Trainee: 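To start, I am sharing the structure in question, which I have written as structure tokens.
This is a predicted model, so every value here is computed, not measured. In what follows, chains are A, B, ... by sequence order, proteins preceding strands, each numbered from 1.
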2 protein chains.
Amino acid sequence: MKYKKSVGQNAKERILDVSEKLFAEGSFASVSVRTVTSAAQVNLSAVNYYFGSKKGLFQSVYVRRATLMNHERLGLLQEAVGKAQQEGRAVSVRELINAMLTPPIFWLYEKEKGLSGYIRFLARAYLEAASDMENVLSQEVDVFDKFVPYFQEVNPSLTVEDIYWRIHFIMGVMHHTINHLDRIGLLSHTACRVETREQTRDRMVAFCCEGF
Amino acid sequence: MKYKKSVGQNAKERILDVSEKLFAEGSFASVSVRTVTSAAQVNLSAVNYYFGSKKGLFQSVYVRRATLMNHERLGLLQEAVGKAQQEGRAVSVRELINAMLTPPIFWLYEKEKGLSGYIRFLARAYLEAASDMENVLSQEVDVFDKFVPYFQEVNPSLTVEDIYWRIHFIMGVMHHTINHLDRIGLLSHTACRVETREQTRDRMVAFCCEGF
DNA sequence: CCTCTTTCTAAACGTATGTTTTAAACGATA
DNA sequence: TATCGTTTAAAACATACGTTTAGAAAGAGG
């Protein structure tokens with residue numbers, strides 16, 4: 001039934017791994033198919049064979065971990081909701097923002113499995129032309145939509161408009177940290193050292209909680 | 001003394017105007033010299049004639065308005081400092097953040113003079129390879145350095161590290177708003193309408209003040 | 001063994017890229 | 001008008017790009 005070479009199983013994922021990293025560090029146009037294939041040690045035509053086109057590769061990089069990413073966020077949300085219900089209280093703003101920020105930041109620090117590359121890839125994908133990546137935007141938006149009712153519950157004085165503006169700002173804090181975590185030492189003249197994932201996460205959550 | 005064609009004076013600036021817009025909407029690699037020259041209605045070789053290379057053009061786009069940009073920010077800072085001294089008090093966090101955010105946000109809404117394009121260009125330039133644009137980063141960093149002492153004065157309990165982390169987050173709010181202001185309606189399912197520049201600025205300042 | 005599907009390779013295709021070259025057109029000066 | 005520095009123009013350059021093609025190599029089933 002299955003016709004596969006011994007190396008074949010690795011080839012496709014090796015391309016995804018490599019291009020995830022490369023797309024994380026440069027724009028779509030700046031990364032050539034030849035750079036990808038030579039880094040992945042596969043034939044030039046492998047990209048078109050497996051993914052149809054360069055754009056197909058780009059979208060496949062996104063799809064591979066998209067559901068897992070959002071699953072983690074919603075998992076944390078449900079966890080917080082469960083605990084809050086048990087204690088007979090509303091979900092706190094801190095818990096909500098924590099659920100939004102912890103997965104991407106923890107992934108950012110996870111160098112081994114390539115999750116760091118995916119997170120940086122995602123942040124960059126937001127800046128590609130909307131026509132190419134509109135599904136990227138919409139899918140992440142859907143996740144945040146699920147948070148809105150809880151924000152409204154814990155702070156009924158806020159309008160939906162207020163909440164979405166604040167979510168927008170939180171995404172800004174998140175994306176900027178993802179894109180420039182390695183340069184924060186330069187920004188601060190080495191006053192800021194990159195800390196543990198928990199410390200970075202806590203700084204972001206604290207800032208965003210107060211902003212909310 | 002001056003040898004110039006009647007059209008010549010405009011040509012160079014027309015290239016800058018056009019490439020400012022194009023670089024604001026796409027990455028460095030995705031914008032071709034031919035796209036620029038045809039949009040500016042100049043000959044293909046004009047870019048290399050005036051700016052030496054494509055990278056030279058990119059840096060010239062940055063340089064053209066860089067000092068003006070930072071001048072505005074420092075002007076607002078000095079204004080706040082003067083008023084505070086007159087009233088015998090420290091500069092408030094709100095005033096500081098206001099001085100940081102008002103110029104870029106007001107520029108973002110200024111469509112006529114092309115300032116909107118420059119602001120979006122700047123936000124994108126931050127994401128280009130550090131080797132190409134290290135001066136971009138360092139020059140904007142210098143401006144924020146001047147704010148640090150005032151933040152320290154108004155809140156002495158904060159360490160320098162704390163302050164730089166917060167400045168980093170503020171930059172995140174700013175850049176993300178610059179990059180995605182036009183998509184915020186999509187994010188919020190048309191709950192958020194793009195408002196006046198003052199309203200947007202005030203939302204950002206309010207969020208960042210609380211975070212600080 | 002042969003056959004079939006899948007995977008991999010090498011080469012070429014057509015086009016787009018940044019840059020250089022050559023010369024013409026132009027404006028001011030003498 | 002003749003000359004010189006400057007600007008514009010058209011063409012070509014060499015390379016890089018994404019993609020396609022044709023065929024070889026490899027594994028699985030008969």
Trainee: Provide the full list of salt bridge (charged side-chain N to carboxylate O under 4.0 Å, His left out) pairs with a residue in residues 19-30 of chain A, sequence neighbours left out, each pair given once.
Mentor: A/E20-A/R64, A/E20-A/R65, A/E25-A/R120
Trainee: Can you tell me how far P of D/dT8 sits from CD of B/Q41, to the nearest Å?
Mentor: 13 Å
Trainee: Starting at CG of B/N43 and ending at C1' of D/dT7, how long is that distance when rounded to a whole Å?
Mentor: 11 Å
Trainee: Indicate whether the side chain of B/Y164 and that of B/D145 have a donor and an acceptor atom separated by less than 3.5 Å.
Mentor: yes
Trainee: Rounded to whole Å, please give me the gap between CZ in A/F51 and C1' in D/dT20.
Mentor: 18 Å
Trainee: How about B/N48 and B/S45: does a side-chain donor come under 3.5 Å of a side-chain acceptor?
Mentor: no
Trainee: Does one side chain, of B/S60 or B/Y50, offer a donor that lies under 3.5 Å from an acceptor on the other?
Mentor: no
Trainee: Charged N to carboxylate O under 4.0 angstrom, A/E161 versus B/R193?
Mentor: no
Trainee: Within the structure provided, determine whether B/P103 and B/L76 are in side-chain contact (heavy-atom separation under 4.5 Å).
Mentor: yes
Trainee: Starting at CG of A/L22 and ending at C1' of D/dC17, how long is that distance when rounded to a whole Å?
Mentor: 16 Å
Trainee: Output one letter per nucleotide in nucleotides 15-20 of chain C: B when a protein non-hydrogen atom lies under 4.0 Å from the base, S when only the sugar-phosphate is that close, - when neither is.
Mentor: --BBBB
